[in-house]
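Worksheet: one structure, shown below.
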Amino acid sequence: MFTHHLFKPNSIIKNYVINHLLQHPQSLFTPKRSCNCYTQTPSQEDTIIAELILKNNSKTQLVEHCRRTQWSPDLVDRVLKRLWNHGPKAIEFFKFIDRHPSYAHSGSSFDHVIDICGRLRDYKTMWDLVKEMCKRRIGPTPKTFAIVIERFISAGKSDRAVKTFLAMHEYGCPQDLCSFNTLLDLLCKSKRVEMAYGFFKVFRRRFRADTVSYNVIANGWCLIKKTSKALEVLEEMVERGLEPTVSTYNILLKGFFQASQIKQAWDFFLQMKKRGCEIDVVTYTTVIHGFGVAGEIDKAKKIFNEMIKQGCLPTVPTYNALIGVLCKKDDVENAIVVFEEMVRKGYVPNTTTYNVIIRGLCHRGEMDRALDFMGRMKDDECEPNVQTYNIVIRYFCDTGEIEKALEVFENMCNGECLPNLDTYNVLISAMFVRKKADDLLVAGRLLLEMVERGFTPREFTFNRILNGLLVTGNQGFAKEILRVQSQYGKLPRKFKL
DNA sequence: GTAGGGTTAG
């Protein structure tokens, strides 16, 4: 059956937690209204600057404004965040401020821009910035390397990621257990588990692999649904004298659910309880979500009630799990009941909570109510994010209400949220369904806009739009797109406007 | 940003 020595009753920890909860029920779990007073007060200077940067026509105004601005690392970081989905402009802004006579960039701003360069696959600029950090003696830090490595991995260049890790010390940043674990985690999260495990086996002695290292690898195997491999790794961990933690158990538990091994998941959960392992709010949330996804709503609800009875208060993610599965496998109306209940209890729904509800409503075709919830988000100081907009835009497109999708897109651009690659892909595809010449013009404009913002449209998208424009007699515009495409082909990652 | 629990369509 289950690996027996994985289960060592951890009664000391368990008793400590229970006692703590009984003595200070408020301290750990009482949801608090978030206080925005200190994050918001230094005016919305970042918004103003980001707007000036995005409006091409007011260059002199921008320069003038920047000269008068009292720059701080925090302000620069916030502006960079606002320009997240407008990579080229963000880099330009960073370089512009770098010439400021009395302001010097912080390591954190460097990290942001390095991340953006990595996303744009402009590796030359990325490494130049890393070297510049060396020169200025503000880095690079382990965090900088985590960023670089993650960008290589997500671009499918795992080998370069590993090489980067091995070269860290040449930049004055020695590898340690933390950075080792980070690399393993990044490889695992991108499903390169075999590679991570191979690397782990070679270096585990040198870096003195710890519980975290083993958990990371086990989680990797779970992500690709190989729970038996995960169990093997954990056996090995125990043999080496490392104690499993509550995270270890939670990783396996989630792994069983993800691999649709519902029976094993349930048995494992029972064993955890029986053997006195620590059961925390993450454990309960995992079980609620797991059963819900498997369509066992009643069981999910039962566990939710059980955790409360056990004195383990749900957190916002717990509610998100329950609300999410109610939307998907039960009824949005029931999900909304739970939503209202959580609000009544004083929890503050976060963006995910709203997105889950909004998706549920869209799925049922209740677009008006979905938009109501979006309005409610704003009232709740919980601004809709790209995903929120993408959900609504996608559903408007799917139901053929292209005008409304475009209207939402406009609102998004006028607000403080920039579209991402998904937004453009969804909208551009929608421009082909009505077979209208005007729609193709919009598609063309969207294409140019996304290129300008540093996103990479697929060859297919280019060709589709070109064909469309030629068929509808827009030779002129087609030529313009063709010009962009050819420049784009020659200068893949650094297309300049 | 050293591990585990909420959003991705069919």
Side-chain angles (χ1 to χ4, degrees), chain A residues 108 111-112 114-115 141-151 175-186 188-189 196 207-220 222-223 230 233-234 237 242 244-255 257-258 278-290 292-293 303-304 307 312 314-328 335 338-339 342 347 349-360 362-363 384-395 397-398 420-423 425-426 429:
Chain A
S108 130
D111 285 349
H112 275 299
I114 285 170
D115 201 5
T141 62
K143 187 178 166 189
T144 315
F145 279 104
I147 290 165
V148 172
I149 289 169
E150 183 174 3
R151 285 303 169 191
Q175 301 90 338
D176 59 4
L177 180 58
C178 287
S179 49
F180 178 61
N181 287 342
T182 304
L183 172 69
L184 296 178
D185 193 36
L186 292 171
C188 284
K189 297 250 165 78
F207 291 110
R208 298 177 184 282
D210 64 353
T211 321
V212 174
S213 325
Y214 280 95
N215 283 352
V216 163
I217 297 288
N219 188 44
C222 287
L223 280 176
V233 170
L234 295 178
M237 162 174 138
L242 293 165
T245 63
V246 62
S247 299
T248 315
Y249 297 117
N250 289 341
I251 286 167
L252 258 179
L253 189 59
K254 192 189 171 205
F257 278 117
Q258 276 182 334
E278 188 189 343
I279 306 255
D280 66 4
V281 62
V282 178
T283 319
Y284 282 116
T285 306
T286 305
V287 177
I288 291 165
H289 187 248
V293 168
I303 301 291
F304 184 79
M307 73 183 281
C312 177
T315 57
V316 172
T318 316
Y319 273 104
N320 291 349
L322 183 62
I323 290 170
V325 296
L326 286 174
C327 282
K328 234 182 265 173
V338 175
F339 176 89
M342 85 181 262
Y347 287 88
N350 60 21
T351 314
T352 305
T353 326
Y354 278 105
N355 287 354
V356 168
I357 295 275
I358 290 170
R359 175 174 296 111
C362 286
H363 202 70
N385 62 10
V386 201
Q387 279 100 331
T388 322
Y389 284 105
N390 287 354
I391 293 163
V392 176
I393 289 173
R394 185 187 297 272
Y395 277 95
C397 286
D398 283 354
N420 66 9
L421 186 61
D422 278 344
T423 325
N425 283 336
V426 168
S429 309

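FYI, side chains are in, hydrogens and waters are out, and symmetry mates aren't considered; it's all heavy atoms of this structure. The model shown is predicted, which means the values in this text are computed figures rather than measured ones. To find a chain, count down the sequence lines: A is the first, B the second, and so on, and within it residues start at 1.
- Under the 90° criterion around 0 for the glycosidic angle, B:dG6 counts as syn.
- For A:Glu150, the side-chain atoms get nearest to B:dG1 when compared with the rest of B:dA3, B:dG5, B:dG1.
- Taking atom CG of residue A:Asn385 and atom C1' of nucleotide B:dG6, one finds them 13 Å apart after rounding to whole Å.
- Looking at A:Asn350, its side chain comes within 3.5 Å of the base of B:dG6 through a donor and an acceptor atom.
- We find that CZ of A:Arg394 is positioned 10 Å from P of B:dT8, with the value rounded to whole Å.
- Candidate nucleotides B:dG6, B:dA3, B:dG1 were compared by shortest atom distance to the side chain of A:Ala146, and B:dG1 ranks first.
- For B:dG5, the OP1/OP2 oxygens have a side-chain nitrogen or oxygen of A:Lys254 closer than 4.0 Å.
- OP1 or OP2 of B:dA3 has not a single side-chain nitrogen or oxygen of A:Asn219 nearer than 4.0 Å.
- Applying the 3.5 Å distance criterion, the base of B:dG4 shares no donor-acceptor pair with the side chain of A:Thr248.
- At a cut-off of 3.5 angstrom, the base of B:dG4 holds at least one donor-acceptor pair with the side chain of A:Asp280.
- In the set B:dT7, B:dG4, B:dA3, B:dG4 carries the atom at the smallest distance from any side-chain atom of A:Val246.
- Between A:Phe207 and A:Phe180, the ring planes are parallel. Angles under 30° get that label, and only those over 60° would be called perpendicular.
- Taking atom P in both B:dG1 and B:dG5, the straight-line distance is 15 Å, to the nearest Å.
- For A:Lys189, the listed nucleotide lying nearest its side chain is B:dA3; candidates were B:dG1, B:dA3, B:dG5.
- Taking every side-chain heavy atom of A:Val281 into account, B:dG5 is the closest of B:dG5, B:dT2, B:dG4.
- Heavy atoms of A:Ser179 sit nowhere under 4.0 angstrom from any nucleic acid atom.
- Among A:Asn250, A:Ile251, A:Leu253, A:Val287, the single residue meeting the side-chain contact (heavy atoms from CB on, under 4.5 Å) criterion with A:Val282 is A:Asn250.
- Between A:Thr248 and A:Thr245, the side chains place a donor N or O and an acceptor N or O closer than 3.5 Å (distance only, hydrogens not considered).
- Among the nucleotides B:dT7, B:dG5, B:dA3, the one closest to the side chain of A:His289 is B:dT7.
- The nearest whole Å value for the distance from the NE2 atom in A:His112 to the P atom in B:dG1 is 11 Å.
- A close approach under 4.0 Å does occur between a side-chain nitrogen or oxygen of A:Lys328 and OP1 or OP2 of B:dT8.
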- Task: Evaluate the criterion side chain to side chain donor-acceptor pair (under 3.5 Å) for residue pair A:Thr182 and A:Ser179; output intermediate values, then yes/no.
- Result: CA-CA 5 Å; A:Thr182 304; A:Ser179 49; over 6 Å; no
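- Listed nucleotides: B:dA3, B:dA9, B:dG5. Nearest to the side chain of A:Thr211: B:dA3.
- B:dT7 atom P lies 11 Å from atom CD1 of A:Ile391, rounded to whole Å.
- Of the candidate nucleotides B:dG1, B:dT2, B:dG4, B:dG1 has the atom lying nearest to any side-chain atom of A:Ile147.
- As a whole-Å value, the separation of A:Asn355 CG from B:dA9 C1' is 15 Å.
- Picking from B:dG5, B:dA3, B:dT2 the nucleotide with the shortest atom distance to the side chain of A:Asn181 gives B:dT2.
- Between the side chains of A:Asn181 and A:Asp210, at least one donor-acceptor pair of N or O atoms lies under 3.5 Å.
- Here B:dG5 presents its P atom at 8 Å from CG of A:Leu223, a figure rounded to the nearest Å.
- Each of A:Asn385, A:Asn420, A:Asn425 was evaluated against A:Asn390; a single residue qualifies, A:Asn420, per the side-chain hydrogen bond (donor to acceptor under 3.5 Å, both in side chains) test.
- For A:His363, counting side-chain heavy atoms from C-beta on, the closest listed nucleotide (B:dG6, B:dG10, B:dG4) is B:dG10.
- Rounded to a whole Å, the CD atom of A:Gln258 is 14 Å from the C1' atom of B:dT8.
- One atom, CD1 of A:Ile323, and another, P of B:dT7, lie 11 Å apart when rounded to the nearest Å.
- A side-chain donor-acceptor contact under 3.5 Å links A:Thr353 and A:Asn350.
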